[in-house]
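First listed ligand is number 1; within each ligand, the first listed atom is number 1. Quick note: residue numbers are just sequence positions, from 1.
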Amino acid sequence: MAENKPTEQPPLRRISGSRIFIFILGLLFLVFLLSRNTSEKEITWAAFEKDMLQEHAVAKVEVTNGELAEIYIKPELLKNDKYKDVSKNFMGGVNPGPHYYLMIGSVESFEHKLELAQANFDEKDKISVVYAKKSNWWINALSWLLPLALLWFFYSFMFRRMGATGGKGFGLFDFAKSNPVVYEKEKSVPVTFKDVAGYDEAKTEIMEIVEFLKHPDHFTKLGAKIPKGILLVGAPGTGKTLLAKAVAGEAGVPFFSLGGSEFIEMFVGVGASRMRDLFDQAKAKAPSIIFIDEIDTIGRVRSRALSMQANEERDSTLNQLLAEMDGFDPNTGVILLAATNRPDILDPALLRPGRFDRHIHLELPNKKERLAIFKVHLAPLLLDKSVDAENLAAQTPGFSGADIASVCNEAALIAARKNKTSVDGKDFSDAIDRIVAGLEKKTRIISPNEKKVIACHEAGHAVVSWMLEHADALQKVSIIPRGKSLGSTWYLPEERQIVTRSQFIDQLCSALGGRTAEELVFHETSSGAIDDLEKVTKQAYMMVVNLGMSDKVGEISYYDSTGMYESLLTKPYSESTAQLIDEEVRKLVNEVHERTKEVLVKNREKLDQLAQLLLEKEVVDKTDLERILGKREWADKKVSSETASA
Ligand code: ADP
């Protein structure tokens, strides 16, 4: 979908500090070069005495800082060949001197030696010694510039880090400002409800907001108050941001968008000040929409249980948000939209009437909605006739809108990589596979023996899920490594809202199918089943602890919808209950394991056949599965459409 580029406020033109610093350094270096007499040469006392002093070539000697004698040759003698090395400065002009230098032990001994050397000179020929104290100014300059520069670098680094999420510039206090992405009215958000496929109910509900933003008097003259805050609830990628943008697009008002995490900084008080600033900006442009993504980062319930964590910053940000929400008149025309996928952990104060009292739930799209979303994202692509949107929607259960958008893009990329003139059905199924199970890694080196184990493992999953009524419908099996996994089985899970105990058990059996098959065939288990075991263990604990699916633990759930116990180190049940839970989980997993083994022993021949076919073909599809395993009795009952990898 074509999205407009946000019109971010133009950054002020500042000359960056680092440029100034480099400029000053460059200048210093240049002055140093110009001032340095590069042609000055060191000589020995003997050479000085014999070749210069005795020949009356010296104009003057300057003793600098009591340690260096600098010698000036008489200008008229500089033309002499002897002095050609020192007669010119590095730019080619006449070198005014000093021309030579020599290190002296002490001023007294130098004076003494000089006096002796000139003992027989006429008084007028005797050279004069001048004393000078010179400070090396550029070293001095560097000695105060360097610490200054270091200090400045430190500050700029700190503030740049803070400014990265907040203020844009280099200003010392910019970081306390909020820096939302603003979609302006004129270049108005080009996203409208047309771009949001499906979600008709959510759209109808949110339409009211658009109406208010467009015609506020219509409501206010009857004394009605418009909700200030609307919470969009849904899994990541379900189009919450898109819907919020569409509201702004439909109403043609400015849209201020900021992520919840952008309020949380390492300095206390920054979050609150950013929040204040955000509301100020939005009020200045009212009617307008503020959108805060991932509000749970700031809106988590304030609880004593969490007080061990440093959460004052979050609390103060949340308090500021509450104060801002209460502070403005509902008819100001500022509407706050916020998105979260965990409304359960939000602070009740946020959800109170007058604040975020409206919730709009965006579920993962069903088949019809997926079809609509596919249509939106297929529109800009150059498609081959083999692409069937219906079929794509059927193959992508559990996909969010964002996943669908990325399938379409991925398919186009695959087609482009293969230099095709249009995107065809195969590109789409490759794209779906890639999104579900990761990229194929055909180059991964797998030994023939390992391949046998993998084939047996995948065949085990396949046979068990094929034979059990409540396991998901199997689509294909592959032993091509993808992403982290070495093989995969593809299912079309049912779209269901509740899961029964027998369905859970069958799913657990098919998850254990791989490892149990290895056990049966090779009389040994391998490390390849770690993901399966993790899944089984977690699921079994969930059934016992949360879903009350064990007789001994009974109808008790320790599920914590508020997330308040998440950070507690202790469990909400006693030691003896913990023991009971462990026992029950173990019993359940053992029961599942036995059942899986039974299925595999009964179908051992089919298991071997399928493993063999997998070794030959690497990918076995439904036709071959049916040929080997027979028609699946209950397959036709569930013509629904879900895909998952195991
Ligand atoms: P969220 O904010 O819920 O994480 P986004 O709104 O950022 O999700 O959605 C990400 C992308 O997914 C959108 O830019 C859009 O391309 C696509 N998308 C999601 N839902 C839909 C939908 N209903 N119709 C069209 N595209 C959608």
**OP:** Inspect the surroundings of CG in L222 and state if more than 12 heavy atoms from other residues, nucleotides or ligands are less than 6.0 Å away.
**Re:** yes
**OP:** Please determine, by modelled atom types, if N546 and S557 share a side-chain donor-acceptor pair under 3.5 angstrom.
**Re:** no
Subject >> Check: Y199 N/O within less than 3.5 Å of ligand 1 N/O >> reply: no
Original post:
How would you list all residue pairs meeting salt bridge (charged side-chain N to carboxylate O under 4.0 Å, His left out) that involve residues 402-416, not counting sequence neighbours?
Top reply: E410-R434
Original post:
Less than 3.5 Å between some nitrogen or oxygen of A405 and one of ligand 1, yes or no?
Top reply: no
Original post:
At the 4.0 Å heavy-atom cut-off, does N341 count as touching ligand 1?
Top reply: no
**OP:** Could you check L378, I414, D388, N391 and say which one makes a side-chain contact (heavy atoms from CB on, under 4.5 Å) with F428?
**Re:** L378
**OP:** Report the part of H377 (side chain from C-beta onward, or backbone N, CA, C, O) that has a heavy atom under 4.0 Å from ligand 1; answer both or neither where that applies.
**Re:** side chain
Original post:
Side chain or backbone of I404 under 4.0 Å from ligand 1, or both, or neither, by non-hydrogen atoms?
Top reply: neither
Subject >> ligand 1 contact on I373 by region, counting heavy-atom pairs under 4.0 Å >> reply: side chain
**OP:** Tell me, yes or no, whether the heavy-atom count around K368 atom NZ, taken from other residues, nucleotides or ligands under 6.0 Å, exceeds 12.
**Re:** no
**OP:** Could you tell me whether D293 and ligand 1 have an N or O pair separated by under 3.5 Å?
**Re:** no
Original post:
Could D506 and R501 be called an ion pair, given the rule that one side-chain N must be under 4.0 Å from one carboxylate O?
Top reply: no
**OP:** Output yes when the distance from some N or O of ligand 1 to some N or O of G239 is under 3.5 Å, and no in every other case.
**Re:** yes
Subject >> Under the side-chain hydrogen bond (donor to acceptor under 3.5 Å, both in side chains) test, residues paired with D384 that sit two or more places apart >> reply: S386
Original post:
What do you reckon, does A197 have a nitrogen or oxygen under 3.5 Å from a nitrogen or oxygen of ligand 1?
Top reply: yes
**OP:** Looking only at distances, please establish whether an N/O atom of ligand 1 is found under 3.5 Å from an N/O atom of A402.
**Re:** yes
